[in-house]
Amino acid sequence: MSDQKRLFLVDAYALIFRGYYAFIKNPRINSKGEDTSAIMGFMNSLLDVIKRERPDHLAVCFDKGGSADRVELFEAYKANRDETPEGIKTAVPYIYEILKAMHIPIMVKEGFEADDVIGTLAKKAEKEGYQTFMVTPDKDFAQLVSENIFMYRPVFGGGYETWGIPEVQKKFEVTDPLQVIDYLGMMGDASDNIPGLPGVGDKTAKKFLAAYGSMENLFANTHELKGKMKEKIEANQELGLLSKKLATIMLDVPVEFNEKDFEMSEPDIPKVTAIFQELEFRRLIDNFNKTFSAEARETATAMQTSNKAEAPKTTPKDIKSAGEGQFSLFGGSEPSATETASEHTRQTAATYSHFYQSVAPGMATKLFVKNLMNQTSVCFDTETTGLNPLTAELVGIAFSWEVGKGFYIPFPEDKAEAQALIEVLRPFFEDENIQKIGQNLKYDIKVLAKYNISVKGKLFDTMLAHYLINPDMRHNMDILAETYLNYTPISITELIGKKGKNQLSMREIPLEKQTEYAVEDADITLQLKEHFEKELGEANTQKLFDEIEIPLVRVLAAMELEGINLDVPFLNALADDLNKDIETLVTKIYDVAGEEFNIASPKQLGIILFEKLKLVDKPKKTKTGQYKTGEDILSALAKEHEIVRDILEYRGLAKLKSTYVDALPLQVEEATGRVHTDYMQTVAATGRLSSNNPNLQNIPIRTERGRQVRKAFIPRNEDYTLLAADYSQIELRIIAALSEEETMIEAFKNGEDIHASTASKVFNVPIEAVTREQRSNAKTVNFGIIYGVSAFGLSNQTDLSRGEAKELIDTYYETYPKLKAYISKQVDFARDNGYVSTILGRRRYLKDINSRNALVRGAAERNAVNAPIQGSAADIIKIAMINIFNKLDAGNYKSKMLLQVHDELVFDIYKPELEELTTLIKTEMENAFKMEVPLDVEVDTGLNWLEAH
DNA sequence: CACATGTGCAA
DNA sequence: TATTGCACATGTG
């Protein structure tokens, strides 16, 4: 490494915004209710840079008052950027304070953007013989890169990349970094409001630069272009040159580079600590102290000068002492039983002493298992060759039962050997008395099931725990570690690379790194468990966790492994039919339109319909300026225009074909010949499940053509039949019971058709005299109530005018007065407590319930009404699933539960068991939860899913 | 290749 | 200006 002096210039707002949005799903809120995400994000980045690079010169640059020059150039410049979020505005004064306490220079120049300040300083420092690193994710800075000026870019998933001249050349396909300005000028930048040349994106800009080298030269040679592109470029030269000016970072800001002003000096540790304490950044204080402790500096400096990106080496003393403690666990076995041991300080995170070790094959493993069996509670994490448990092979399993310590058992590639190894571990996994802790245990359970291991004993899943603590947040382990432990674990991307052809398999990773990664995950999961256990108790959701979500894990794992049989030849025949009809429609549409275009492109379709054919006077537009061509819009025009009818039919058929008929056969698993969906237990904020790869919860049923797809879901063989069991009107029954609305409760108790009954009451006609239209309108209101409908929304959904809709809603509330009271009660509760709950105490927090923004508040109020209803229905069917699964299991039935579709369960029933199970299923579902309103379940069977309805 | 948008399927 | 989801095609970055 050269001894050139190094200057780091930090683009403050870019990192603040980045930090703020990194926490957007799990914002950091302190006890005073302040959103400290932006400060936390920024400080993490700053400390990270300091720790990694130990800059000798550093400054943080801010904007002030925007750039008068640029605004003058182009009035729209940065005009329609979203307003700066509140959480960022409040963060800035704190950040100033912290930087001052850290004795880090702050660069601001009124009327100039940080870009320009950084650019000017970088160039000046270069003349003084410095190497400058611009710390920013913003690619605009690439234009400044030179032999001595670099971009130091944080990358998602942790780490940094340095862009020098070669990187910029490669990224932008240019020879000179200055051409980045031409690139940006041509392509434009939506976030900076640089318009760019119309119709020119990344690809075209690169092509032009390769051919012409600059925008000016492109304009001088437009005669070489052709078609639309030629016209557009020639017509927009002025706009292009303006864009180029906007994209140019100015280098003439009146700032001086006096090197001693930029020297790093000792921070005022007590002062910084005090501010962090005020903000409640406990972990950050540790991080800060470690960053600036004398020892940390020495290690880092040593590392930096040796130019090693690797983690610093351990002192031999640490390994020895940690090692001795561990080895004694093996009853004094030889240290040679271990292959690797590591103890290091990771740079991206708060550091703590830890001891991770992989266990050598043979005797060491047996000794390890012996020790494992002495524990009452163990966290484990499987590492596999892929994400599909049906095909993934075990690469290793990490274990941890004490914070900071853990072990890794690598698995051999040979199948027989791997099976032999897992047999050694079987006593642990199948021990009823050892609690198993993990993150997303459903995955591990499925993987182990393929090795014929069933995971027994009490479970604690940190992902599920956090889902109950706050379902609106995200629950992946990296985010949880950052939020609750202020620790950034090794990211999987860092380990195996981004997905694509260069991504490595876990098996290709050196054992030391596998160990570090896997055991760290187990260790962190263990720490998270200790954290969440308390929180579950505080929110009174322990019971929901232990009795619903946790038992459901095994149920879902079994359903997913089971899969469902799909009639592929039938779907292929359906595809042929669809193709013929689609072709006919396409020909007809092109004929009327007078040209060929992409009907599936809303953009092109809008232009044909509303510019060429001028079907309406004032077409509606989307927020991005496109014509609206949604189903509702087109349906209104269908009566008068045959082409619109054809387009609607085309859309329907094309959708059917691409999403279901063509896609489903591709999802048949080779290993089983069946389709295996993946149920997500922690996605829906209300407590529902969701389904993906493929989504089997949105298979068509409403249109004749669509419901044919259901015929493709068939029993496993002729000895079986499909059975579908549906809750009838479960959500309305729940709202009737929760609101204690007697009129509605009576209707359900009498087994009335609830929509007809409602119509009869609100339109004041005998139930036999209710018209189809009246029932339909009543049905719409009934559903609307569950979602928190407005008169406007109702009139949109029906043929009613806004006035009629309002009247209908008023009459509805007169008919069911307690419903109205219940709705108000929910909203009030949410205002007072900040959350609402389901019948089983599942919470949803509504942070916007007291928002001053009526739109935002309204949405929260609707959630306050809807979440307990939708969520309680989810609670109930989950109970039913667990009970049914346990009975099928205990009774050794051949029949299997296959699918859940929110209020429906689908089973593959062994014919001899049909009668018995029909009763069992119906009984379990109807009695899953007792309410004032009876639950009613309709059961039907058939040769396929459609017939079973 | 990743992401946003528009559209549309289900409960 | 109705709740919760997932996925497809297109178009862009």
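Lettering of chains follows the sequences in order, A, B, ..., and the numbering in each one begins at 1. This is a predicted model, so every value here is computed, not measured.
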**Message:** Should the side chain of A:Gln797 and the base of C:dA2 be counted as holding a donor-acceptor pair, with the cut-off at 3.5 Å?
**Reply:** yes

**Request:** Please confirm whether A:Tyr183 and A:Phe208 have ring centers closer than 6.0 angstrom.
**Result:** no

**Item:** Gap between atoms CD1 and P, on A:Ile607 and C:dT10 respectively (whole Å)
**Value:** 15 Å

**Greater than 12 external heavy atoms within 6.0 Å of A:Leu504's CG** = yes

**Asked** So, A:Arg651 versus A:Thr629: side-chain donor-acceptor pair below 3.5 Å or not?
**Response** yes

**Request:** For the residue pair A:Glu926 and A:Tyr727, confirm or rule out a side-chain donor-acceptor distance under 3.5 Å.
**Result:** no

**Request:** Pick base, sugar-phosphate or nothing for A:Thr780, based on heavy-atom distances below 4.0 Å to the nucleic acid.
**Result:** base

**Request:** Using the C1' atoms only, state how far B:dA4 lies from C:dA2, rounded to an integer number of Å.
**Result:** 24 Å

**Message:** A side-chain contact here means heavy atoms from C-beta on lying under 4.5 Å apart; do A:Phe597 and A:Tyr590 qualify?
**Reply:** yes

**Request:** Check every strand shown and say whether A:Ile699 touches a base, only sugar-phosphate, or nothing at a heavy-atom separation below 4.0 Å.
**Result:** sugar-phosphate

**Fill in**
Sequence neighbours excluded, the answer for side-chain contact (heavy atoms from CB on, under 4.5 Å) partners of A:Gln826 is A:Tyr822, A:Val836, A:Pro868

**Message:** If you compare every side-chain N and O of A:Arg862 against the phosphate oxygens of C:dT3 (OP1, OP2), does one of them come in below 4.0 Å?
**Reply:** yes

**Prompt:** To the nearest Å, how far apart are A:Lys657 NZ and B:dG8 C1'?
**Reply:** 17 Å

**Complete:** Closest to the side chain of A:Asn698, out of B:dA10, B:dA11, B:dT7, is B:dA10

**Request:** Starting from P on C:dC8, measure out to CG on A:Leu605 and report it in whole angstrom.
**Result:** 21 Å

**Message:** Rounding to an integer number of Å, can you tell me how far A:Leu666 CG sits from C:dA7 P?
**Reply:** 14 Å

**Asked** Touch check for A:Gly793, heavy atoms < 4.0 angstrom, all strands: base, sugar-phosphate only, or nothing?
**Response** nothing

**Item:** Atom-to-atom span, CD1 of A:Ile809 to P of C:dA2 - whole angstrom
**Value:** 12 Å

**Request:** Ignoring the backbone of A:Ser658, work out which of C:dC8, B:dA10, C:dT4 is nearest its side chain.
**Result:** C:dC8

**Item:** Residue-phosphate contact under 4.0 Å: A:Thr629 side-chain N/O, B:dG6 OP1/OP2
**Value:** no

**Request:** Select base, sugar-phosphate, or nothing to describe what A:Val901 touches, counting heavy atoms under 4.0 Å on all strands.
**Result:** sugar-phosphate

**Message:** Going by side chain to side chain contact (heavy atoms under 4.5 Å, CB included), A:Leu899 matches just one of A:Leu905, A:Leu696, A:Leu722, A:Ile699. Which one?
**Reply:** A:Leu696

**Prompt:** Out of C:dT1, C:dC8, B:dA11, which has the shortest distance to the side chain of A:Leu855?
**Reply:** C:dT1

**Prompt:** Which whole-number value in Å describes the distance from A:Leu197 CG to C:dT12 P?
**Reply:** 14 Å

**Request:** Take atom CG of A:Leu653 and atom P of B:dT7, then tell me their distance rounded to the nearest Å.
**Result:** 18 Å

**Request:** Check whether any side-chain heavy atom of A:Thr758 sits under 4.5 Å from a side-chain heavy atom of A:Val781, and report yes or no.
**Result:** no

**side-chain N/O A:Arg702 vs B:dA11 OP1/OP2, d < 4.0 Å** = yes

**Request:** Check whether any side-chain nitrogen or oxygen of A:Gln697 sits under 4.0 Å from OP1 or OP2 of C:dA7, and answer yes or no.
**Result:** no

**Asked** Taking the side chain of A:Glu631 as heavy atoms from C-beta outward, which of C:dC8, B:dG8, C:dT10 is closest to it?
**Response** B:dG8

**Request:** Identify which nucleotide among C:dT1, C:dA9, C:dT3 has an atom closest to any side-chain atom of A:Ala600, counting heavy atoms from C-beta outward.
**Result:** C:dA9

**Asked** Is A:Gln870 side chain donor-acceptor paired with the C:dT3 base, going by distance under 3.5 Å alone?
**Response** yes

**Prompt:** Is the shortest side-chain N/O distance from A:Lys655 to OP1 or OP2 of C:dA9 below 4.0 Å?
**Reply:** no

**Fill in**
In numerical order, the residues of residues 678-696 of chain A whose heavy atoms come under 4.0 Å of DNA chain C are A:Val683, A:Ala684, A:Ala685, A:Thr686, A:Arg688, A:Ser690, A:Ser691, A:Asn692, A:Asn693, A:Asn695

**Request:** Report the distance from atom CG of A:Asp472 to atom P of C:dT3, rounded to the nearest whole Å.
**Result:** 14 Å

**Message:** Counting the atoms with a prime plus P, OP1 and OP2 as sugar-phosphate, which does A:Ile701 contact under 4.0 Å by heavy atoms, base, sugar-phosphate, or nothing?
**Reply:** sugar-phosphate

**Request:** Assign A:Arg707 to base, sugar-phosphate, or nothing according to its heavy-atom contacts below 4.0 angstrom with the strands shown.
**Result:** nothing

**Request:** Kindly say if A:Arg651 contacts the phosphate of B:dG6, meaning a side-chain N or O under 4.0 Å from OP1 or OP2.
**Result:** no

**Asked** Should A:Thr136 and A:Met151 count as side-chain neighbours, where that means a heavy-atom distance under 4.5 Å?
**Response** yes

